Participant: 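My structure is below; once you've seen it, I'll send some questions.
Every chain is numbered from 1, with letters handed out A, B, ... down the list of sequences. Keep in mind that the numbers below use all heavy atoms, side chains included, and drop hydrogens, waters and symmetry copies. Predicted model, so just to flag it, every value in this text is computed and none were measured.
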Amino acid sequence: MSVRANVKALVVHTLLGAAVIYALYPVLWVVTIAFSRDGLGTDGFVFPWPRDPSFMNFAIATGISTGKGALFLRQFVNSLAVASATALMSVAVAAPAAYALARLPFVGKRTGLRALMLTQMFPTVASAVPLYFLLSQLHLLDRRAGLVIAYSASALPFAIFQLKAAFEAIPVELEEAAMVDGATRFGALVRVVLPAARPALAVTALFAFMSAWNEFVLAATLMSREEAFTLPVVLQRFVGEHAAAWGPFAAGSLLVSIPVMAVFYIAQKQLLSGLTAGSVKG
Amino acid sequence: MSVRANVKALVVHTLLGAAVIYALYPVLWVVTIAFSRDGLGTDGFVFPWPRDPSFMNFAIATGISTGKGALFLRQFVNSLAVASATALMSVAVAAPAAYALARLPFVGKRTGLRALMLTQMFPTVASAVPLYFLLSQLHLLDRRAGLVIAYSASALPFAIFQLKAAFEAIPVELEEAAMVDGATRFGALVRVVLPAARPALAVTALFAFMSAWNEFVLAATLMSREEAFTLPVVLQRFVGEHAAAWGPFAAGSLLVSIPVMAVFYIAQKQLLSGLTAGSVKG
Amino acid sequence: MTPSTRREVPCCEVRDLSKAFDQTTVLSNVSLSMKSGSFTVLVGASGCGKSTLLRTVAGLEPPTSGSIWMGGRDVTALSPKDRDIAMVFQSYALYPHLSVRENLAFGLRLRRTPEAEIVARVSEASAMLGLDALLDRLPRQLSGGQRQRVAMGRAIVRRPHMFLFDEPLSNLDAALRAEVRVEIRRLHDRMGGTTLYVTHDQVEAMTLADTLCLLRGGAVEQMGAPLALFDRPVSRFVAEFLGSPKINWLDGQVKHSSSGLHIAIGGKALKVPDRYGQLAEQPVLVGLRPHHLTTASDDVPQFATMNVTFCEALGFETYVHGTLSGMGDRTVVVRVEPSHRVTRGDTLPIGIRPEHTLLFDPRSERALDAPT
Amino acid sequence: MTPSTRREVPCCEVRDLSKAFDQTTVLSNVSLSMKSGSFTVLVGASGCGKSTLLRTVAGLEPPTSGSIWMGGRDVTALSPKDRDIAMVFQSYALYPHLSVRENLAFGLRLRRTPEAEIVARVSEASAMLGLDALLDRLPRQLSGGQRQRVAMGRAIVRRPHMFLFDEPLSNLDAALRAEVRVEIRRLHDRMGGTTLYVTHDQVEAMTLADTLCLLRGGAVEQMGAPLALFDRPVSRFVAEFLGSPKINWLDGQVKHSSSGLHIAIGGKALKVPDRYGQLAEQPVLVGLRPHHLTTASDDVPQFATMNVTFCEALGFETYVHGTLSGMGDRTVVVRVEPSHRVTRGDTLPIGIRPEHTLLFDPRSERALDAPT
């Protein structure tokens, strides 16, 4: 019995360990390169580890060593502002639409859902150009608001699907109870449905935040002034322009990841419960 | 009564219509530009419509007009092969891991889940460099297999979460019934759990396919020979190199989208039921 | 003011209510009047429309036609919040993000009740239902029975004119169900409100109701005091719905003879109960409840012989299944005292208490003594 | 070979089984022996371990200690598929992606039964359960009752030595439950297998079982024929678990007097049933079932006066709740004939059939006539 159990445990751990390593391995490399004074070595190939640990790359990446610290800060604020606004905007637009799709019967529901799915099939690269012209007409090129519009448009379909599923998991009786208790339909939505869907709202917001925070193609197309850059574009400059500066690039990547990880760490309880559906039972 | 109902219907349709247009508007622009002989006009600004409809841009995009049709076909096959292999690979690795996470109790489960979540927080741009070096060591640069490894690694965490939720929605009794009926645990997984989770498997595969099909940053970094390009990189060449060829670019974008839309159209029933969770009830 | 207009206004009245979803008719021309302080139970099989009727009274479903009146006012177009009702849902529908205390206070807060009043009413309801120790818990930390009590507390706190219950006991186990059933009736008597209660359980229906309303296919089949429905069902449907084990059926024929009216069943003559007046000579469906059949004795002479096929001994009573010799192959169930030990293959002399016999027209399935 | 070793090997035997999850003990030292062809029912409140015991017999849970034997073989380490059992789950657990036909054939296909044999057995089971019209449907297209039948069909088709049922009726409505209950017993008798059946419902337990096994806190409280448990409970727990309405309790005192042994209750003397031999003068808990109390008559002289607080009329019988004057404030329930019309505030002369009285030690709560 205990032999069988041990074998099973071994298989399970090996399997999951392999999956985690498969997904984490590139990240380990980024860490190694970021902390290596000489950028990239090859002798630690299988188990990456910095040969000559140093924080130098971080100083270069943030511009502290070149006196451009203020610019980097500004770009950091750009990223933060754009990603936060995208998260808010996506949830604010998606929540009422998802609620309508989940609860109200109406003509054109299936068609609407399909249209939303279809937009998900469209490559980001393809939408870069029309967005460029649209935003230029609206004088929103090189402005954060422009990026927010572009990002929330592309985050919307997924957000709507996500929230629709969450609202459908909330029993209708909760709303009916609130209405009998004295609430209007809108009051029931605000006081009962949204609080009950909090984990799903958090997950949706985080997804939108993350995708905006990490997005590169649109940001590179729509922003041309250095002061308007977001961090992924800044990063790409390290390897894209002349000589590839792998060390600062890797260090910058880590810095870019820190805020998202912080958000994740704070919200992890909500996230894990939000990701495991069906968690909102009376 | 009927006035109230009409007002409600109006509000709902307006709301959802706005959301759909918000998400679809850029797509309309792409269509317009693709079919316009002169690339981009400004007079149809609010309601985009081709001024001088033509298929010329499609001929340019596919290289038919320049005699490079064979190259485009090859690039198309690259995209298709990479995306299909990514979809298969992600599901094949994610399914056993997700099953273990959903069903078996073991030490380190929470930690494993968190590690997976964390990798999701990492920007693609940041992983491009380590992947470049890893694949170069493995002599997989400019090879489709290299892209498949990179893509499935980044698709894995989401796939695992998706499938874990799907497996958790399948009652354990189904497996137990199969085991009493004469199956081993593995047999029960293959004969009962996987078929019951088919919609979720389809959705997961499609997501992986789509993200691989549309991905640009890694493809541009890891592939340098024209014959190894995938379609998003080909597309980007139209606007990135010298003069921006908007028309062919837009036409190419549409061509890129067609296969995904076809897959979507074929699988839409599975997809819609897979996206609305909890659909697998005995 | 004439005396006829001064008579009491019913607390709630349903007038000629119909409801259809798409093409499916769920309720057709239901009328119902509830006196203030009364306890009305809507009962019926699943799909009979009882929950829809309740939800229409609550204002959660708009009727297709007809109207609903409360305290003399037409409330058909009012939303639930303006109807002065409270409802206990089958799933309890507790707000998952609020503590028990806030669940109880929710309706009062929405109505901007002063804080002191809220505290007082919540603690009163909490004391009444024994929720004091649970006030700071979240719904997911409660057992099924505790959730049910919180749902009742949330209704009581509001002190509405009308309480609506939608199968409130169906998620509880049998022992708890019997206990809460008694408590619901006690609370009703104490609160003095009018109660409309939906259930599919005949024990709840019989024991809770002042007025029982049995629905069938969206229409009222019979309405009245519970025992009136049990003892004088208007149709075969009502007779079968109430009573456990189910009523037994035999095929008979009304006969006139020199000694008066009787029913011929398989060559035997059964007395027609006095309350049936003139009956034509016709085939009849004879309904005999299991407790009106008995083992033959000095008091009750033998009427037939039962061939026992099956026996269910519950300890406190025993149900004997079998057929009656020469009276067709319908299975008949007799309730006997647990001291009788009967087994399969036995024959049992059976007597009938003829005064309880029910007669139905075999084609219309209506009772022969019912007003047509 | 001596006669004692030649006696029949039990179909299934549970020996000294214990099971703990983490630190929680769910089963402790349970032993159970099932004769071939017998119908054993495990009954108990939720959390008593009855389902865990069934699942351990099925091989779905490994025991912490103890062993399980089937047909003389130790199967404790075997996986479910090697135990020659079939199981009907509470949720039915039909394979959602397979038609009814394929659900029935699933186990046979896994065992590589020839196709012709599969077809024959599936159509036999399908005919037996009336599933012919449903064979091509998917589970989600079936009603609850139909799903239950398919689940039973899936078990029957396999012709195993043992059938396991895990509360198979709990998702059906009351009318269907009574019907399927009878059918399960009929199928058991016809198939000739050994059945182990888990339920929390005392009616199912009493009517289905050859042997009833009442579990309490993971241990066997009492095991035997259903009526033996009902009539001679070994403990207060057993006496309260079986019987509806619940048994009534009064506090008494055993007294010796010139006329022999009796129990003093509030100044009255109750005869001690003959089967109690010598009893010390001690306080006792007197258990009286509702159907053993009766309205006083010529046959049964008045023993006490009941102050009626509450009345539940079901039509076929009436439960009167109240207290007995001068005999403490415990609520007592009496079952009276439906022809009695009793209401709150009435007083009722109550007689007792003393031969059914049960006596328990108030501290240990064990029956005074139970072997210790």
Participant: Side chains of residues 212-219 of chain A: which donor-acceptor partners sit under 3.5 Å, not counting sequence neighbours?
Facilitator:
| unit_1 | atom_1 | unit_2 | atom_2 | d |
| --- | --- | --- | --- | --- |
| A:Trp213 | NE1 | A:Val256 | O | 2.6 |
| A:Glu215 | OE1 | A:Tyr151 | OH | 2.8 |
| A:Glu215 | OE1 | A:Leu218 | N | 3.1 |
| A:Glu215 | OE1 | A:Ala219 | N | 3.0 |
| A:Glu215 | OE2 | A:Val217 | N | 3.0 |
| A:Glu215 | OE2 | A:Leu218 | N | 2.7 |

Participant: So which part of A:Arg191 gets closer than 4.5 Å to some heavy atom of chain C, the side chain, the backbone, both or neither?
Facilitator: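 Both the backbone and the side chain of A:Arg191 come within 4.5 Å of chain C.
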Participant: Assess whether side-chain hydrogen bond (donor to acceptor under 3.5 Å, both in side chains) is satisfied between C:Asp74 and C:Thr76, documenting all intermediate values.
Facilitator: CA-CA 6 Å; C:Asp74 183 348; C:Thr76 318; 2.5 Å; yes
Participant: Between C:Glu183 and C:Arg186, is there a salt bridge with N-O shorter than 4.0 Å?
Facilitator: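 Yes, C:Arg186 and C:Glu183 are salt-bridged.
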Participant: Report which part of C:Leu60 has an atom under 4.5 Å of a heavy atom belonging to chain A: side chain, backbone, both, or neither.
Facilitator: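 For C:Leu60, the contact with chain A is made by the side chain alone.
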Participant: Show me, pair by pair, the donor-acceptor contacts under 3.5 angstrom made by side chains of residues 104-111 of chain C, not counting sequence neighbours?
Facilitator:
| unit_1 | atom_1 | unit_2 | atom_2 | d |
| --- | --- | --- | --- | --- |
| C:Arg109 | NE | C:Glu102 | OE1 | 2.9 |
| C:Arg109 | NH1 | C:Glu115 | OE1 | 2.9 |
| C:Arg109 | NH2 | C:Glu102 | OE1 | 3.4 |
| C:Arg109 | NH2 | C:Glu102 | OE2 | 2.9 |
| C:Arg111 | NH1 | A:Asp181 | O | 2.5 |
| C:Arg111 | NH2 | C:Lys81 | O | 2.8 |

Participant: Hey, what's the ring geometry for A:Phe167 with A:Tyr99, parallel, tilted or perpendicular (30° and 60° as the breaks)?
Facilitator: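 A:Phe167 vs A:Tyr99 ring planes: perpendicular.
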Participant: Show the atom names and distances, to 0.1 Å, of all donor-acceptor pairs under 3.5 Å that link a side chain in residues 46-55 of chain C to residues at least two apart or in another chain.
Facilitator:
| unit_1 | atom_1 | unit_2 | atom_2 | d |
| --- | --- | --- | --- | --- |
| C:Lys50 | NZ | C:Gly44 | O | 3.2 |
| C:Lys50 | NZ | C:Ala45 | O | 3.3 |
| C:Ser51 | OG | C:Asp166 | OD1 | 3.1 |
| C:Arg55 | NE | C:Glu61 | OE2 | 3.3 |
| C:Arg55 | NH1 | A:Glu176 | OE1 | 2.7 |
| C:Arg55 | NH1 | A:Glu176 | OE2 | 3.1 |
| C:Arg55 | NH2 | A:Glu176 | OE2 | 2.6 |
| C:Arg55 | NH2 | C:Glu61 | OE2 | 3.2 |

Participant: Return the option, out of C:Arg158, C:Gln90, C:Met87, with the maximum number of heavy-atom pairs under 4.5 Å with chain A.
Facilitator: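 Most pairs with chain A among the choices: C:Arg158.
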Participant: Need one label for C:Phe89: side chain, backbone, both or neither, based on atoms under 4.5 Å from any heavy atom in chain A.
Facilitator: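 Interface part for C:Phe89: side chain.
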Participant: Tell me if the CZ atom of A:Phe186 is crowded by more than 12 foreign heavy atoms within 6.0 Å.
Facilitator: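 No, the 6.0 Å shell around CZ holds no more than 12 heavy atoms from other groups.
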Participant: Considering heavy atoms only, which positions within residues 12-19 of chain C lie below 4.5 Å of chain A?
Facilitator: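 Counting heavy atoms that sit under 4.5 Å from chain A, no residue of residues 12-19 of chain C is involved.
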